[in-house]
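Contents: one structure, followed by commentary.
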Amino acid sequence: MCGIAGLMHLQEDMFVDEGLLERMTNVQAHRGPDGSGVWAGPGAGLGHRRLSIIDLGGGHQPMEAGNGRYVITFNGEIYNYQKLREDLRAKGHKFSTQSDTEVLLASYIEWGEACTARIGGMFAFAIWDRKEKSIFLARDRVGKKPLHYCALPNGWFAFASELKGLTAAESLSPRIEPRAVDAYLALGYVPDTLCILEGVKKLPAGHWMTVRQGKPVPKPVQYWDMRFDKTPLETSEVEAAASLREELKAAVNARLMADVPLGAFLSGGVDSSAVVAVMSDLMDEPVKTCSIGFDVRAFDETSYAQKVATLLETDHHVETVAQDNLHMLDQMATVFDEPFADNSCLPTFEVCRVARKHVTVALSGDGGDEVFAGYRRYRFHAAEERLRGLFPLSLRQPLFGALGALYPKLDWAPQVLRAKSTFQSLARATADAYFSSVSIAGQRERDLLRGKPLQASLQGHRAEHEFQDIVADAGYEDPLSAVQYLDFKTWLVGDILTKVDRTSMANSLEVRVPMLDADFLSWAGNVPSAMRLKDGESKWLLKKAFEDSLPKDVLYRQKMGFSSPVDAWMNGGLKTEATSAVTSPLLQDLGLIDGRGAQSLLEEHQSGRRLHGRPLFALIMLNKSLSHLLGNGQDADASLAA
């Protein structure tokens, strides 16, 4: 795994400042501690930091081909590169290394932009074509690897794996994007369609773009999208479960190639346990597995992980960490660059740290919840959708809206819906209801938090609009498929994969995600919704597929995940930090928050009248992240974009 950066002048063949390119590259040294390189020529320059995984002695980047016409810098792994190399050799290509980088570059030379449809893996890469004076950028199908880009005021086009690579370019404007702040206050992360700094974009998952000298920066082109129920499987449940095992086996097997120590995360949950079970079948030696435990028993899952490790005879490593390791928050602000308020980043960082002591590559079970409907909110949403379907929106809005003002909670809901629901949720349209279910702050809290300048800059835009657009464009009739697709476009790439990429790369660890393999997704997307969520049981087919391999109390226990008592933190270890955030001169001078409104939320929380732990934690991380990005708030040019 690696970090990449680059510059291209949009108008002329100016030579790149190599010192600047090195700074953009080396600020991402954690992504590639094993080597670095820069290439500079008239009009463009590329930088690379390397974490050596395959062909340790070869594969150095940036790499040239075609007598110097093409130069590549690449972050990721191409799992089908050996098959591609055979195909390319048949077409006359010759190779001097065993690296997937050389195969990737040859794939572009042979097939051009269409190479993205052939390559399988996780990747973000850039290829400079000296003859055409263009840079081709591409990102993998689901967005496992990041790629930020922008057009700088001085005429240069810049890109980098992480935002810090662009801020090192110095001429990047420190203006804050208001829509990104609004979405962050609602969701706890900045969606992939936005960036906290104005003018910076993230190449969307499953997209490519070619930037040409003398032309405006184009819109990205989509080459792949996740689809559910496109061609539903017509098979028995037993056959479907057997097929799932085989499909996952192929995905895992493709990710076992490495010239360095390889292992897996093992949380004791369904997804990671299934991945380790398949690895155990495929590997001759015991799988190296890693877990972390917490010093608070209610949040500790190590007993389940140990049960799986013992059953599968893995080489298991466990460390216990402090559940309230809040001293790491400043470090998290530098790891993520953009504000990030998913507090599970703390244990994710810790498990990556533990794993790196034993392996350089770790497989994970990420993606299983999104693919097989593992979140409880899917169950709740499906139940609410059945009720919403009984009344038109024109009737539901006034009826349930009025009832919601009188009865905020439905005490009878657990019996009727098997979930806690609200009249307010039933009054909303599908996209708005799901947005509300994944939000860390309700409309009232966000209205109190927003500063007047931020509110004015939004010009009527609401963070919910993106969810509405996704649902409308996707056109799903099945409500479960609709919200799973929503999560693929928002939560998975903006939160889960961002969290895993940044925390693993901060520890110079490569994480591979077999349940997000392209072929596996093509198969899994056709699993009928009735096999994903059946009789209230989430991930039903996945659990059935591993009933013969894993303990039932592992498969069918209540999902926990990495949790933390964030509400308690605001009256304990983060009490001072919360006060600093709601009174932050930086946040108020930028016009992002209303000091009085934020103070009222803090007072409500501390008095126990209402709990606002998650939005208050988001404010803390917003304050820390912007202080990091803007030089501790001393940047005189920092402002809120209009």
Side-chain angles (χ1 to χ4, degrees), residues 141-142 205-206 222 224-241 243-244 247 270-271 367-393 396 400 413 416-419 421 425-439 464-493 496 515-516 518-545 559:
R141 290 165 176 80
V142 295
Q222 186 172 36
W224 186 89
D225 196 14
M226 180 63 188
R227 295 303 300 176
F228 290 95
D229 295 327
K230 185 176 182 180
T231 309
L233 298 176
E234 295 182 0
T235 184
S236 71
E237 293 171 346
V238 172
E239 292 171 331
S243 295
L244 192 158
E247 294 289 341
V270 177
D271 305 325
D369 288 311
E370 291 79 10
V371 174
F372 293 109
Y375 295 122
R376 285 179 292 175
R377 61 176 179 260
Y378 293 147
R379 213 162 56 236
F380 301 169
H381 181 81
E384 289 180 355
E385 278 292 284
R386 287 195 292 272
L387 278 185
R388 277 191 282 267
L390 299 177
F391 306 95
L393 182 62
R396 281 191 285 111
F400 291 120
V416 176
L417 300 179
R418 301 182 187 177
S421 185
S425 180
L426 294 174
R428 297 183 177 105
T430 296
D432 288 344
Y434 193 68
F435 181 89
S436 178
S437 74
V438 298
S439 296
E464 293 90 331
H465 290 168
E466 181 175 0
F467 277 54
Q468 295 166 359
D469 292 343
I470 292 172
V471 168
D473 292 343
Y476 281 108
E477 294 184 4
D478 176 58
L480 180 60
S481 297
V483 293
Q484 286 184 256
Y485 180 77
L486 258 175
D487 272 351
F488 258 84
K489 307 297 283 188
T490 56
W491 164 262
L492 178 65
V493 63
I496 300 299
M515 288 196 187
L516 294 179
D519 291 336
F520 185 72
L521 289 178
S522 294
W523 178 86
N526 293 325
V527 172
S529 60
M531 289 188 190
R532 289 176 250 145
L533 178 62
K534 182 173 182 179
D535 297 329
E537 187 67 55
S538 60
K539 288 193 279 201
W540 183 86
L541 186 63
L542 179 62
K543 293 173 181 177
K544 284 293 178 185
K559 179 180 175 60

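These numbers come from a predicted model, not from an experiment.
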Approximate separation, where rounding is to 0.5 Å, of [X] [atom1] and [Y] [atom2]:
X      : Y      : atom1 : atom2 : value
Leu542 : Glu537 : CG    : CD    : 11.0 Å
Gln484 : Leu492 : CD    : CG    : 11.5 Å
Ser437 : Arg376 : OG    : CZ    : 12.5 Å
Ser529 : Trp540 : OG    : CH2   : 12.5 Å
Asn526 : Glu234 : CG    : CD    : 10.5 Å
Lys543 : Ser538 : NZ    : OG    : 4.0 Å

For the residue pair [X] and [Y], what are the closest heavy atoms and their distance?
X      : Y      : answer
Met226 : Tyr485 : O-CE1, 3.1 Å
Arg141 : Ala205 : O-CB, 3.5 Å
Gly367 : Leu516 : CA-CD2, 3.9 Å
Ala545 : Ala241 : CB-O, 3.5 Å
Val371 : Phe228 : O-CE2, 3.8 Å
Glu247 : Asp519 : OE1-O, 4.4 Å

Just to verify, what does Asp487 make a side-chain hydrogen bond (donor to acceptor under 3.5 Å, both in side chains) with, not counting sequence neighbours?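 Checked Asp487 against side-chain hydrogen bond (donor to acceptor under 3.5 Å, both in side chains); matches are Arg377, Tyr378, Tyr434.
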Please list, chain by chain and in numerical order, all residues satisfying side-chain hydrogen bond (donor to acceptor under 3.5 Å, both in side chains) with Glu370, sequence neighbours excluded.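 So Glu370 forms a side-chain hydrogen bond (donor to acceptor under 3.5 Å, both in side chains) with Tyr375, Trp491.
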For a 4.5 angstrom cut-off between non-hydrogen side-chain atoms, does [X] reach [Y]?
X      : Y      : result
Leu521 : Trp224 : yes
Val493 : Val142 : no
Thr235 : Ser243 : no
Gln468 : Phe435 : no

Lys/Arg-Asp/Glu bridge criterion (N-O < 4.0 Å) met for Glu237, Lys544: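 Lys544 and Glu237: not salt-bridged.
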Residues forming a salt bridge (charged side-chain N to carboxylate O under 4.0 Å, His left out) with [X], sequence neighbours excluded:
X      : value
Glu239 : none
Asp225 : Lys489
Arg532 : Asp229

What residue pairs, at least two apart or across chains, pass salt bridge (Lys or Arg N to Asp or Glu O under 4.0 Å) with a residue in residues 467-481?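 Listed by first then second residue: nothing to list.
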Show your working on side chain to side chain contact (heavy atoms under 4.5 Å, CB included) between Val483 and Tyr476 and close with a plain yes or no. CA-CA 9 Å; Val483 293; Tyr476 281 108; over 6 Å; no
